[in-house]
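The sequence lines fix the lettering, A, B, ..., with proteins before strands; numbering per chain opens at 1.
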Number of protein chains: 2
Amino acid sequence: MEWSIQQIARLAGTTSRTLRHYGDVGLVVPSRVGENGYRYYDSAALVRLQRVLLLRELGLGIPAIADILTGQRDDTVALRAHLEWLTNEKQRLDRQLASVARTISDLERGEKPMADKMFDGFDHTIYKSEVEERWGSDSYATSDKCYTSMSQSEKDDFLLTAAELASDWAAAAERGVAVDRAEAQALAQRQCDWLVGIPGAPKSADGRPTRQYFTWLADSYVDDERFAVNYGGVIGATFVRDTMRVFADAHL
Amino acid sequence: MEWSIQQIARLAGTTSRTLRHYGDVGLVVPSRVGENGYRYYDSAALVRLQRVLLLRELGLGIPAIADILTGQRDDTVALRAHLEWLTNEKQRLDRQLASVARTISDLERGEKPMADKMFDGFDHTIYKSEVEERWGSDSYATSDKCYTSMSQSEKDDFLLTAAELASDWAAAAERGVAVDRAEAQALAQRQCDWLVGIPGAPKSADGRPTRQYFTWLADSYVDDERFAVNYGGVIGATFVRDTMRVFADAHL
DNA sequence: GCTTGACCTTGACGTAACGTCAACCTCTAG
DNA sequence: CTAGAGGTTGACGTTACGTCAAGGTCAAGC
């Protein structure tokens, strides 16, 4: 028994285009090709096609299926690997689902979820629980209240100052020891000045950030990779931290 | 303040290639382009880029993000639509996960899950619960035992007979009323003969399928889309059913 | 002024698995 | 003989960039 390409497509519940594609990649080849170029498939081809379609429905890719059909890979092994990949995909989707749901609720309550991302990596005051735990429960609230009362351009400026500072830090860190001490200390001074403008940052009587807070921030830049990445990675952040420590010893 | 393409890429945690892509599609365009062709980005561009990257991490596509940024769509509405799409994807993944897991366990217990798919749409005996419920608990077991004792070539022949029959049915149904009665009844006879060879099919004393089973099968071809698709869709299956009914009235 | 190296540009191909024309040939039934 | 269904190869489109390739630009050191 022999079928034309359309007939076997209908039998197997797929399309002729798919059959041609499988022929092109060598997954399911016609059992016979007429001298007019027509493709014909026999029962063995139909059985093979059914297996391919089953595995495709399970989500396996064409190369993986080819490995199974040629006997290069055991089917249970391949399916187990595929199961793991499916599990990872599911987890990724779950995380996205949660993020989207949270973003929606944030938007509906009038909050600005964009702000998080924008400050991410520049300002510790966004990490509510951590900051409150270490520096008092109204530290975050103060910072947040101040930020939400800013105009858009003020927010931009605020963010930009932080971004610019981080950029300069990263550039300096890249040159590493080649940067002279005065330049490095000037950056630390800018960092200090920037903290003065942050309402949530703990400050001593003279208005400057406390030494404890300043050194904690410096350590965080290395320990927390959410920040390190913006300051030239762990290596760059280490340079930033050391420079800030020297500054703290001298001026705070 | 202005940054080069690499600088803003580092600031935002992405790549320069992505920036160029966004420029090409008009999502985030440089605030200035030097006469040497260099792209430069200002603070507004950085803010916009941050929003884009946030939405991308949530899984939104570029056109959707563009709609949001131009104000053509409300962000909560777009996110809600995206949430629904994510939910569907998750369900699809869940189904695939379950199928893969079941297939693995089937394979390990020595069963042949491919058989299901091959018979799918040709033979009711594969639908364990339904068949048992209607035609006795050992109907499925008998059929299954017989099938697993077949050699591979015998299985292929068995399947092929069914597939060929379905194909001929579909072809006849396509021509519809144009096919003459004798031909249609001949097909019904082949269907009847085929059922004789199926161990699980209920048979009367003379060895032929019971009339009840035959008509039930005919009805199923229309009612169950898993079968209808192989017999020329609902329209085709209706023709098959009516032909089989006529045959049953005359011969069973 | 020259070299070196980092950074910039545009252009183009590759990705997964087909869907979808387009242009043209082949078979079959009336 | 012709219409229509069905076949062929070829090629582009899809998603969001990654990854060369070839070549221009800029800052720094000799």
Side-chain angles (χ1 to χ4, degrees), chain A residues 2-30 32-41 49 52-53 55-67 82 85 89 92 96 167 170-171 174-176 178-179 232, chain B residues 2-30 32-41 49 52-66 82 85 89 92 96 167 170-172 174-176 178-180 232:
Chain A
E2 225 179 32
W3 298 274
S4 75
I5 193 167
Q6 285 257 19
Q7 288 172 329
I8 202 173
R10 272 200 301 265
L11 275 176
T14 183
T15 71
S16 61
R17 178 65 178 91
T18 299
L19 266 298
R20 273 190 285 272
H21 183 57
Y22 289 167
D24 288 344
V25 299
L27 196 53
V28 179
V29 295
R32 184 174 73 86
V33 176
E35 48 188 49
N36 51 11
Y38 282 26
R39 295 167 175 82
Y40 296 101
Y41 298 83
L49 176 60
V52 169
L53 292 177
L55 294 172
R56 281 257 60 215
E57 281 180 22
L58 295 179
L60 278 86
I62 285 185
I65 296 177
D67 288 347
H82 183 56
W85 142 257
E89 275 298 293
R92 200 175 58 81
Q96 277 197 348
S167 176
E174 206 162 323
R175 284 178 290 153
V179 64
Chain B
E2 222 178 35
W3 298 275
S4 74
I5 193 167
Q6 284 258 17
Q7 287 172 330
I8 203 173
R10 272 200 300 268
L11 274 175
T14 183
T15 70
S16 60
R17 177 65 178 93
T18 300
L19 266 297
R20 273 192 284 274
H21 183 56
Y22 289 167
D24 288 344
V25 299
L27 196 52
V28 179
V29 295
R32 184 174 73 85
V33 177
E35 47 189 47
N36 51 13
Y38 283 25
R39 295 167 174 83
Y40 297 101
Y41 298 82
L49 176 60
V52 169
L53 292 177
L54 168 64
L55 294 172
R56 280 258 61 215
E57 282 181 20
L58 295 180
L60 278 87
I62 285 185
I65 297 177
H82 183 56
W85 141 258
E89 275 298 291
R92 200 175 56 83
Q96 277 197 347
S167 176
E174 205 161 324
R175 284 177 291 152
V179 63
D180 68 70

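To the nearest angstrom, P of D/dG7 lies 14 Å from CZ of A/Arg32. With rounding to whole Å, B/Leu58 atom CG is found 16 Å from D/dA16 atom C1'. Rounded to whole Å, atom C1' of C/dC8 lies 15 Å from atom CD1 of B/Ile8. The distance between atom CD1 of A/Ile62 and atom P of C/dT15, rounded to the nearest whole Å, is 13 Å. Atom CD in A/Glu35 sits about 13 Å away from atom C1' in C/dC27, given to the nearest Å. Rounded to an integer number of Å, the gap from CG of A/Leu53 to P of C/dA17 is 13 Å. Atom CD of B/Glu89 and atom P of D/dT15 are 14 Å apart (whole Å). What separates CG of B/Leu49 from P of D/dC17 is a distance of 11 Å, to the nearest Å.
Scanning for side-chain hydrogen bond (donor to acceptor under 3.5 Å, both in side chains) contacts around B/Gln6 gives an empty result, with sequence neighbours left out. Under the side-chain hydrogen bond (donor to acceptor under 3.5 Å, both in side chains) criterion, B/Glu89 pairs with B/Arg92, sequence neighbours left out. For A/Val25, the side chain to side chain contact (heavy atoms under 4.5 Å, CB included) partners at least two apart in sequence or on another chain are A/His21, A/Leu27, A/Ile62. Partners of A/Val29 by side chain to side chain contact (heavy atoms under 4.5 Å, CB included), not counting sequence neighbours: none found. In this view, A/Arg17 satisfies the side-chain hydrogen bond (donor to acceptor under 3.5 Å, both in side chains) rule with no residue, not counting sequence neighbours.
Note that the CG atom of B/Asp24 and the CG atom of B/Leu19 stand 11.0 Å from one another [nearest 0.5 Å].
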Which protein N or O atoms sit under 3.5 Å from an N or O of nucleotides 23-27 of chain D?
unit_1	atom_1	unit_2	atom_2	d
D/dG24	N2	B/Tyr38	OH	3.1
D/dT25	O4'	B/Tyr38	OH	3.3
D/dC26	OP1	B/Asn36	ND2	3.1

Write down the protein N/O and nucleotide N/O pairs, taken from nucleotides 19-21 of chain D, whose separation is under 3.5 Å; answer none if there are no such pairs.
unit_1	atom_1	unit_2	atom_2	d
D/dT19	O4	B/Arg17	NE	2.9

Identify the pairs formed between an N or O of the protein and an N or O of nucleotides 1-5 of chain C at a distance under 3.5 Å, and give each distance.
none

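For A/Pro63, taking side-chain heavy atoms from C-beta onward, the closest of the listed nucleotides D/dT9, C/dT10, C/dA17 is C/dA17.
An end-to-end axis angle of 40° holds for the helix from C/dG1-D/dC30 to C/dG30-D/dC1, taken from five base pairs per end and rounded to 10°.
Shown are A/Leu60, A/Thr14, A/Ile65, A/Thr18; of these, the side chain to side chain contact (heavy atoms under 4.5 Å, CB included) with A/Val52 is made only by A/Ile65.
With hydrogens and angles ignored, the 3.5 Å screen pairs a side-chain donor or acceptor of A/His82 with a backbone N or O of A/Leu58.
Scanning all heavy atoms of the two residues, the minimum distance from A/Ser16 to A/Ile5 falls at O-CD1, 3.7 Å. The two residues B/Tyr41 and B/Ile8 have their closest heavy-atom pair at CB-CD1, 3.2 Å. Taking both residues in full, the closest heavy atoms of A/Ala12 and A/Leu53 are given as O-CD1, 3.5 Å, listed atom of the first, atom of the second, then distance.
No engagement by B/Gly34 is indicated, since no non-hydrogen atom pair under 4.0 Å with the nucleic acid exists.
Screening residues 32-41 of chain B for salt bridge (charged side-chain N to carboxylate O under 4.0 Å, His left out), with sequence neighbours left out, gives B/Glu2-B/Arg32.
In terms of phosphate contacts, B/Gln6 brings a side-chain nitrogen or oxygen within less than 4.0 Å of OP1 or OP2 of C/dC8. Side-chain nitrogen and oxygen atoms of A/Ser16 include none within less than 4.0 Å of the OP1 or OP2 phosphate oxygen of D/dG7. Phosphate proximity of D/dG18 to B/Thr15: present, with a side-chain N or O under 4.0 Å from OP1 or OP2.
A heavy atom lying under 4.0 Å from DNA chain C marks the following residues of residues 18-28 of chain A, by number: A/Thr18, A/His21, A/Tyr22.
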